[in-house]
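Lettering follows sequence order; numbering is per chain, from 1.
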2 protein chains.
Amino acid sequence: MATIRDIARLTGHSISTVSRAINHSGYVAPETKAKIMAAVKKLDYRPNHIARELSSGRTHRIGLILPSANHPFFHRLVNSISAAALSAGYEVVLLPTNYNRHVEVDRLEELRAHAFDGLIFTSRSNSFDFIMQYADYGPIVCCENTRHYPLSCAYKNRENSFQKTFQRLKAKGYRKIGVTVSRNEYVSASAQATIRAYQRVFGLPLKDELLFRDALTPFDGATAAGEFLAAEPGLEAILANSDEIAAGVYQYCQHHQRQLTLIGQDNELISQLLNFSTIDNHLNDIGSIAFSLLFEKEVKKVLVPATFIERHLPSLHQA
Amino acid sequence: MATIRDIARLTGHSISTVSRAINHSGYVAPETKAKIMAAVKKLDYRPNHIARELSSGRTHRIGLILPSANHPFFHRLVNSISAAALSAGYEVVLLPTNYNRHVEVDRLEELRAHAFDGLIFTSRSNSFDFIMQYADYGPIVCCENTRHYPLSCAYKNRENSFQKTFQRLKAKGYRKIGVTVSRNEYVSASAQATIRAYQRVFGLPLKDELLFRDALTPFDGATAAGEFLAAEPGLEAILANSDEIAAGVYQYCQHHQRQLTLIGQDNELISQLLNFSTIDNHLNDIGSIAFSLLFEKEVKKVLVPATFIERHLPSLHQA
DNA sequence: TTGAAAGCGCTAACAT
DNA sequence: ATGTTAGCGCTTTCAA
């Protein structure tokens with residue numbers, strides 16, 4: 001591999017002149033530049049990326065913390081963040097943690113070691129208090145409400161959207177509603193928000209039998225539906241933590257000839273095809289805003305309001 | 001930010017001793033090491049990632065070329081590749097090209113500039129001949145058959161699986177079959193393979209009215225179904241280029257009360273829920289194999305055979 | 001067991 | 001317009 005020094009030697013110029021010529025910066029005589037460019041071509045020279053990073057102190061790379069890449073929620077964020085990064089001249093490094101807090105710590109340490117110019121959290125396994133300790137080492141943005149912590153975020157107001165959804169259901173006369181959440185309420189703020197919203201709207205706590213924890217796959221959705229119906233045969237509706245889970249519920253209903261009102265989240269293709277209602281959290285907006293917040297000087301918290309998309313499942317019919 | 005020199009100064013040792021202590025390599029007296037570690041803690045020191053990369057010449061980072069992140073096909077590959085990378089101590093950088101060959105060239109140039117230790121192509125917009133020129137600068141692996149080119153790959157034999165699928169349909173007595181492809185046959189090897197397979201099985205060329213090009217979204221699937229049926233009212237089956245597209249076809253059929261045999265690809269959730277047949281290309285395997293091939297000394301080409309998953313759509317019924 | 005010193009390949013301030 | 005030089009922060013060889 002040819003280095004800048006080789007070019008300097010070959011052309012008889014100094015490395016700084018070569019550097020200037022290559023970067024089209026500063027003064028370089030046209031003929032000098034031409035000669036240098038010829039040498040560059042001749043020696044198949046390319047400036048070393050890493051050396052540039054070291055010298056400039058910037059990587060033009062941001063890290064993206066996510067549990068694993070295989071969930072629609074994260075796909076959306078990855079899409080929008082990487083699109084925003086591309087057009088801003090940044091590259092994004094995928095940092096799957098599998099919800100392992102130690103892996104997450106390693107990534108924060110990498111931020112500290114200047115491996116990235118910034119970090120975006122789409123999920124987290126450590127406390128805000130802990131994460132905040134790394135804020136000095138580079139910009140950190142979260143895709144959830146960081147509340148009173150001085151960390152920028154682009155987020156949806158879950159409690160609010162859940163509350164509205166429950167109110168909607170209440171207004172329609174529904175009383176028996178099952179709810180699925182992705183992780184238990186001790187770990188997940190989302191689960192807490194769901195539970196609180198229910199309590200607030202209906203004035204009484206969500207029964208434990210009508211709360212399904214750790215719903216991750218459509219299969220879990222079907223399981224949840226089964227358990228709900230066993231505990232409460234008069235069940236009227238299910239609010240699921242994603243369209244995928246709702247699809248699992250749908251499948252169960254089809255199979256057992258039950259009609260339920262179904263509400264998913266994130267307006268995935270499946271909800272459009274199966275035609276059930278969904279809460280659109282506008283993840284694309286959250287992603288691109290999160291990216292842009294990395295470069296704000298001050299801490300900013302941007303609320304992206306959710307939208308309710310109402311759809312009606314066709315009524316049941318036997319084949 | 002404290003540097004290794006600060007630690008050296010504070011402890012009164014040389015930077016090389018500090019380096020050895022930090023890296024747990026070479027000889028360092030226990031007390032010396034303890035003293036150094038104490039200083040490390042005291043000064044909140046962390047070795048600079050970039051400097052290490054420059055010094056060692058390796059980044060432990062691989063680039064992943066893909067058109068954009070929003071297609072299930074790529075999700076699968078991203079998942080499996082990033083999982084494989086994680087467990088091998090590598091990080092993956094997402095490199096969306098939007099099928100723009102110039103962007104792709106820029107990424108190849110980055111490989112040349114040592115920004116990555118290797119590159120995986122999940123799609124490409126440049127010729128193999130062109131890409132090969134960069135093979136000297138670092139390992140390159142493709143997720144499609146590289147044929148006679150000396151480039152490693154993990155791939156599915158598309159022509160073979162399409163052929164088997166057509167044979168299956170032929171055996172069932174089907175003759176009127178529509179086919180969707182994602183890009184036209186002049187650009188896409190996959191489209192060519194589909195067309196050839198049809199010709200080989202049925203002995204006559206696929207009619208142009210029964211080939212839909214540029215099918216990217218479920219909406220395109222619905223459009224394709226409409227066009228096929230307009231051109232050939234007796235249409236019996238559609239082979240789609242993905243489960244998403246097939247789902248679009250499904251939607252059209254539902255809406256227009258038509259019964260068609262549907263075959264998608266990649267065994268996505270939607271095909272399971274809607275219960276139509278699909279060709280499972282085992283993208284997870286392709287991804288993890290592709291990653292492992294980066295580190296093989298020789299060029300290797302690994303065929304991952306596809307599997308046909310037969311499912312039966314429930315017959316039509318009016319609500 | 002430790003340290004001096006030479007890189008790694010580049011940028012940028014400063015001098016000419 | 002060009003060159004000198006001092007970094008950037010680390011690893012590694014070699015000598016002590």
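Rounding to whole angstrom units, OH of residue B/Tyr27 and C1' of D/dT13 are separated by 15 Å. Residue A/Asp6 contributes atom CG, which lies 14 Å from atom P of C/dG7 at whole-angstrom precision. Residue B/Arg58 contributes atom CZ, which lies 14 Å from atom C1' of D/dT11 at whole-angstrom precision.
The backbone N or O of B/Val28 lies less than 3.5 Å from no partner atom in the side chain of B/Thr32, so there is not a single donor-acceptor pair.
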Nucleotide by nucleotide, nucleotides 9-16 of chain C touches protein heavy atoms under 4.0 Å in the pattern (B base, S sugar-phosphate only, - none) BBBB----
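For B/Tyr45, the ring pair (Phe, Tyr, Trp, His ring centres under 6.0 Å) test picks out no residue, with sequence neighbours left out.
A distance of 7.0 Å separates CG of A/Leu151 from CZ of A/Phe128, quoted to the nearest 0.5 Å. Taken from CG in B/Asp117 to OG1 in B/Thr59, the straight-line distance is 3.5 Å, to the nearest 0.5 Å.
Judged purely by distance below 3.5 Å, without hydrogens or angles, the side chains of B/Glu104 and B/Tyr99 never pair a donor atom with an acceptor atom.
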